[in-house]
There are 2 protein chains.
Amino acid sequence: MLVVRRSGVEMSEHSLQTLIAFFEARDSLTDSERETLERLPHRRHSFHRNEEMVETHTRPKESCIVLKGLAARAVYLKNGARQLTAVHVPGDFVDLHAFLLKFMDHSVIALGECDVAFVPHEQLLRISEEQPHLTRLFWMSTVIDAAIHRSWLTCIGRRSPEQHIAHLFCEVYLRLETVGAAKDMTFEFPVTQAEMADMLGLSVVHVNRTIQQLRAKGFVNWDGATVTIKDFARLSQFSEFDPTYLSLMKTPR
Amino acid sequence: MLVVRRSGVEMSEHSLQTLIAFFEARDSLTDSERETLERLPHRRHSFHRNEEMVETHTRPKESCIVLKGLAARAVYLKNGARQLTAVHVPGDFVDLHAFLLKFMDHSVIALGECDVAFVPHEQLLRISEEQPHLTRLFWMSTVIDAAIHRSWLTCIGRRSPEQHIAHLFCEVYLRLETVGAAKDMTFEFPVTQAEMADMLGLSVVHVNRTIQQLRAKGFVNWDGATVTIKDFARLSQFSEFDPTYLSLMKTPR
DNA sequence: CGGCAAATTGACACATCTCAAAGCCTGTGG
DNA sequence: CCACAGGCTTTGAGATGTGTCAATTTGCCG
């Protein structure tokens, strides 16, 4: 669950250490695979809150990885409503889906300030031709996304708003901690209540009232851009959080 | 969008033609790839309504493909509630996810009578080591599942129950038609209103009333186990159905 | 024909939304 | 250093959607 540092080398501005951490939490990488990832050609870009990094209905030629900050998948409806179908944290190869789907069925936007790396599809194609194990790990990352989608479906469909928010906080904390981007039950969460409402499928007003209930219960505090989980055990029990779907077990894949 | 038949050979009881149709709707297969799929070692099994074909929290050694009938992914909550997070039609490699996730985060159940094929993971591993293109197509199938999950999230979060059901019917019809399991705007849908409620995150009573509204609008009829879409154009417009997420374009992947 | 599961209906309770206003922060310009 | 603007959060009140419970009807199968 720690960021990988090799032989004393500091985490470099120019490598994809969080992605490596994402994989190494779930399987072992050979030196050569780690090297492939460290040298993966890409371009960097920073986005401001609400900026679109990938647009619906386009056909991207590269896929993005979150390096810093948060991103989300967004679908816009005709009546002006919006659904956020996923949140992505550093180390997430967000847009790997586009490598196979070809056409975007949604947008990817920045929540708060967000740094990402864009990897050309020809690089992914090359890896998929030459490195079966690394390919399976990429594949795994998209399949974990699917598992998270299912978990969100269960939350939105059958849990109370209170449980839903609690569940989301458990999930985001664990995912951040896995790549070394959170510890001590605290994490940066630069998300407005309006954005939260679009994740939960609720109105802003209701989100506001629900958060107050959670605060009153003493499980969690969300103040400005910082979330503090005061009692993870009770929060996860309350929301029936079962981390199986995050596939955090280190095992050959 | 048609079932593939090679040189007059009828669709065999012992091959995975719907899976091949699923792929050939989205990319071309070489003869050798088609042969690999046709000869893919597997065992067959039939399940009755509501039977579990894969159980939560187990670690499967094989993954299943739907051959006939419908299957669903199910999550059971402590209070007895249930969420169905996906429906699967013939040709869907439902449980391919388990090949990479290792542990099930949900169950797979039969909706009505359902025939499936179980493929051993060692076969999938072999293909992933030896056949990059076929591997990408398997990968694609899981990534389409993820896209469908996102679509369901949008429906459940931000569309009206009426739109949600309409959207679901558009989706299921197209998916069935793609593998040759439906035509003429009619398809078998052996799903109870209670099961539907668990897909939509609603109560049975509300589902019942919503269906009546849809019938009254004249868009669609759901009688017993048969759904007839009376006006696909209006049904899809009404539910803002955009098939992009099904990735039905035939293009190299 | 009887029995059971599924579909349907009605009445009422409650959750959630909408609209509108007020309060609270934070950054900026005077 | 203060005043203000704008975005976000919070509050209140009333409308609406959806759930629950319980009873009735329908349809199918033995």
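Side chains included, hydrogens not; waters and symmetry mates left out as well; all remaining heavy atoms used. Quick caveat: nothing in here was measured; it's all calculated off a predicted structure. Note on naming: letters A, B, ... go to the chains in the order of the sequence lines (proteins, then strands), and numbering restarts at 1 for each one.
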Selection from D/dT18, C/dT8, D/dC8 that lies nearest to any side-chain heavy atom of B/Leu202: D/dT18
Salt bridge A/Glu240-A/Arg158, side-chain N to carboxylate O under 4.0 Å: no
A/Asn79 atom CG, neighbour heavy-atom count above 12 within 6.0 Å: yes
Short side-chain N/O contact from B/Asn208 to OP1 or OP2 of C/dT8, under 4.0 Å: yes
Sugar-phosphate, base or nothing in reach of B/Ser203, heavy atoms under 4.0 Å: base
Proximity to the side chain of A/Arg49 - top-ranked nucleotide from D/dC8, C/dA11, D/dA13: D/dC8
Distance in angstrom units between B/Gln213 CD and C/dA7 C1', rounded: 16 Å
B/Gln212 vs C/dT9: side-chain N/O to OP1/OP2 distance below 4.0 Å: yes
Spacing between B/Asp223 atom CG and C/dA7 atom C1', to the nearest angstrom: 11 Å
Electrostatic pair A/Asp145-A/Arg73, nearest N-O below 4.0 angstrom: yes
Heavy atoms of other groups near B/Glu52 CD, more than 12 under 6.0 Å: yes
Closest listed nucleotide, where the reference is the side chain of B/Val205 and the choices are D/dG19, D/dT11, D/dC21: D/dC21
Which nucleotide in D/dA13, D/dT9, C/dT16 has an atom nearest any side-chain atom of A/Gln193: D/dT9
Nearest-Å distance for atom pair CD1/C1', residues A/Ile156 and C/dA15: 15 Å
Atom-to-atom span, CE of B/Met196 to P of C/dA7 - whole angstrom: 11 Å
Whole-Å gap separating C1' (D/dC21) and NE2 (B/His206): 17 Å
Euclidean distance, atom CZ of residue A/Arg215 to atom P of D/dT9 [Å, nearest integer]: 10 Å
Gap between atoms CZ and C1', on B/Arg209 and D/dT20 respectively (whole Å): 11 Å
Nearest-nucleotide pick for A/Thr192, side chain only, options being C/dT9, C/dA6, D/dT9: D/dT9
Ring pair (Phe, Tyr, Trp, His ring centres under 6.0 Å) against B/Phe22, all qualifying residues, sequence neighbours excluded: none
Earlier contact from the 5' end, DNA chain D, for B/Val204 and A/Trp222: A/Trp222
Integer-rounded Å distance: C/dA6 C1' and B/Asn50 CG: 13 Å
